[in-house]
Amino acid sequence: VDAAEVESLSYDAKYSCLRPSPLVCPNQNLVKELDVIRRGRNVEGEERSMLSYSRAISVIKAFPHVITEHNIQGLHELPFLGEKILSMIEEFLKAGRITEAQTILGDPRFQSLSAFITIHGIGPHSARRLYDLGLRTLEELERYYEVKPGVSDEETMSLLDAEASANKEAAVEQSIKIGLALRHDLNQTIPREEVEAINRTIMQELGHIQKGCKSMIAGSYRRGKLQSNDVDIVITHSDWNSGSQKVKGLCKKLVQRLHEQGLVTHVMHLSGFHEHDALRMHHWDSLEKALTVFVWRHDSQPRRVYRRVDLIFAAPEVFWTAVVGWTGSTMFERDLRLWAKQQKGMKFDSSGISRRRDSKLYHPRTERDVFKVLGLVYIHPTLRNA
Ligand code: TTP
Ligand code: MN
Ligand code: MN
C-alpha cells in the first residue's frame, strides 16, 4: 500500500468523502425542503441543476450546527452554497418553508412523474414520455402496460431469457411490468430485522452450492437506515488465495437455486458475464450481479411479501472495494470516484481500485485499507449519508 498523505476530515471539505455525514442532521427539515427541489429537477431531467442541489444538500447534511440567523453568514464559507441556495435558506429560516419547493409539491405533473419513477425500470426520461402520452396515475400505467396487480406463479424468470437474448428494450418493458404488478409490495420499505433475515436465508442457500462464502449487507441498511427500499448483499469467498475461482459463476447458480426454492421469482437484471467483452480490460469486468425479486413469508409479515434484493459477487481481492462501492450514499460514491481521479491519479469503482499511470491494481484486505489506499481518513458507514 502506498503511503499516500491523509487529508483530514472537516465539514467544509469540497469532497463529501472527507465530510462525516450523519443519517439525521441538525437541519433535517431544511434538507427535506431542498430535496423537493432536487427531486423536481430530477424528474424534469435537469441534471446540472439537480447535481447543484444534491451537492448543496450534501454540504448541509454535514454541517454540525443548527442554522440560525446568527450563524447563517458563516455558510458563505462552505462549498457549493451559492447565492440562490443561501437566499432559499434565509427564506426557510423566516417562513419554515421554501416557496419553490411548495410550488413543486403542488404541481400535478411533478406528482405524476414522481409516482412513475417509483417503479423499477422507469427513469425520469421514460416517466416524461409516459406523461406525454397522457398517462397520469399508476392505475393508468397498469392499464397501458396491461398489468394485473399481483403476479401469477407461472410468470417467472422471464427476464433471465429476455436478458440472454440481448433484447434490452423487451427486458426493460418486462421489468416495468413486474415493478407495476408488485408495486404495493416493492414500494414498501423493509425493516432492518427482515433485511438481516433475508441475508441469512440467502447465505444458507448459497452454502448448499459453495462452502466458505461470506457476505456483507451494504446499501442504506449499512448506513444505519431503519427502513430500506431494497436489500443489497455483497458476497465473496473467505479464502483469499483460491476464493476468486470459487466465486466465479456463482451468481447465476445462486439465482437458479433461489428460484428452484421458490425464493426468487424474477430477475430484473443479470450482469457480469461478458468476459470476452473487448471494451473491458480483464480487471474491469464488472462484478457478477443480479437484481432480483425475492419472495417469502417473514414472521413480521402477515403474508408472503415481494422484496427487491440485489446480489453482488466479488473476488476476495475486490470484496472490500465492492462493499465500499455498494454502501453509498450515491453522493459519497460520486465523490470517492472524483477524489481518486482528481487528487490521487487513481480510478475507483465497485469492481476495483487502480493507479492510472501504470494500471497498478490494489487489493485491500480490510475496509480501512480501501480508505488508506485512496489517501482518505476512514469514515464509518453510518457517517456516509452524504
Ligand atoms: P441502492 O440500493 O439503489 O440505494 P441505497 O441502498 O443507498 O438506498 P435504498 O434504501 O433506496 O435501497 O444502491 C446501493 C448503493 O450501491 C448506492 O448507494 C450506490 C451503489 N450502487 C452502485 O455502485 N452501482 C449501482 O448500479 C447501483 C444501483 C448502486
Ligand atoms: Mn439499497
Ligand atoms: Mn440496490
Side-chain angles (χ1 to χ4, degrees), residues 16-17 21-24 35 38-39 42 51 54 57-58 61 114 117-124 163 171-172 175 178-179 182-183 185-196 198-199 202 215-235 251 255 264 266-272 274 284-294 306-314 318-340 347-353 367 370 374 379-386:
S16 62
C17 51
S21 311
L23 190 58
V24 180
D35 196 55
R38 185 195 63 78
R39 282 158 44 211
N42 178 45
L51 187 56
S54 299
I57 288 166
S58 165
K61 279 184 183 167
S114 297
I117 64 164
T118 65
I119 304 303
H120 186 96
I122 302 184
E163 198 75 26
V172 169
S175 120
I178 295 162
L182 302 177
R183 71 188 158 92
D185 274 13
L186 299 186
N187 288 357
Q188 261 178 29
T189 55
I190 315 167
R192 294 181 73 81
E193 64 130 349
E194 192 186 338
V195 170
E196 289 153 15
I198 289 174
N199 174 54
I202 288 177
S215 74
M216 175 76 79
I217 308 171
S220 54
Y221 168 89
R222 193 153 182 263
R223 299 199 309 279
K225 281 188 83 168
L226 297 180
Q227 303 274 336
S228 294
N229 289 309
D230 72 353
V231 184
D232 305 289
I233 306 175
V234 184
I235 300 168
C251 182
V255 170
V264 160
H266 302 86
V267 182
M268 310 287 228
H269 180 77
L270 197 59
S271 70
H274 317 282
W284 292 110
D285 272 358
S286 62
L287 300 168
E288 286 186 12
K289 58 179 183 256
L291 316 187
T292 72
V293 176
F294 181 91
Y306 292 89
R307 304 301 200 188
R308 279 266 305 102
V309 174
D310 291 342
L311 302 168
I312 300 99
F313 282 80
V318 294
F319 175 67
W320 287 109
T321 316
V323 169
V324 170
W326 278 83
T327 296
S329 66
T330 306
M331 183 52 71
F332 195 90
E333 297 301 326
R334 177 188 281 276
D335 281 350
L336 272 180
R337 291 193 294 270
L338 217 55
W339 165 266
K347 183 174 151 78
F348 171 87
D349 73 25
S350 328
S351 64
I353 304 175
E367 185 173 44
V370 174
L374 294 170
I379 296 189
H380 192 268
T382 57
L383 293 173
R384 295 181 206 163
N385 290 289

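Both ligands and their constituent atoms are indexed starting at 1 by order of listing. Numbering of residues begins at 1 and proceeds along the displayed sequence.
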Return the closest protein heavy atom for [atom] as residue, atom name and distance.
atom                    : value
atom 12 (O) of ligand 1 : Asp230 OD1, 2.7 Å
atom 1 (P) of ligand 1  : Asp232 OD2, 4.2 Å
atom 17 (C) of ligand 1 : Gly328 CA, 4.2 Å
atom 26 (O) of ligand 1 : Trp326 CH2, 4.0 Å

Would you name the heavy atoms of [X] and [Y] that are closest together and state the gap between them?
X      : Y      : answer
Met331 : Ser58  : CG-OG, 3.7 Å
Leu287 : Ala322 : CD1-CB, 3.8 Å
Glu333 : Trp326 : OE2-N, 4.4 Å
Trp320 : Met216 : CH2-CE, 3.4 Å

Legend entry - Minimum-distance atom from the Mn ion (ligand 2) among N, O or S atoms of Asp230: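 Nearest N/O/S atom: OD1.
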
Inset, instruction - Using only N, O or S atoms, tell me which atom of Asp232 is closest to the Mn ion (ligand 2). - result: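 Restricting Asp232 to its N, O and S atoms, the minimum distance to the Mn ion (ligand 2) goes to OD2.
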
Legend entry - Numbered atoms and elements of ligand 1 in range of Ser350, under 4.0 angstrom, heavy atoms: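 Counting from 1, the qualifying ligand atoms are 23 (O).
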
Inset, instruction - Mark the output for Arg223 as yes if a heavy-atom distance to ligand 1 is under 4.0 Å, and as no if none is. - result: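 So Arg223 counts as touching ligand 1.
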
Legend entry - Interatomic distance, Leu186 atom CG to Met268 atom CE [nearest 0.5 angstrom]: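 One gets 6.0 Å once the value is rounded to the nearest 0.5 Å.
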
Legend entry - Interatomic distance, Leu374 atom CG to Leu336 atom CG [nearest 0.5 angstrom]: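 That separation rounds to 6.5 Å.
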
Counting both backbone and side chain atoms, is some N or O of [X] under 3.5 Å from an N or O of ligand 1?
X      : result
Ser329 : no
Gly325 : yes
Ser228 : no
Asn229 : yes
Gln227 : no

Inset, instruction - Verify the contact flag for atom 6 (O) of ligand 1, where contact means a protein heavy atom under 4.0 Å away. - result: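 There is a protein heavy atom less than 4.0 Å from atom 6 (O) of ligand 1.
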
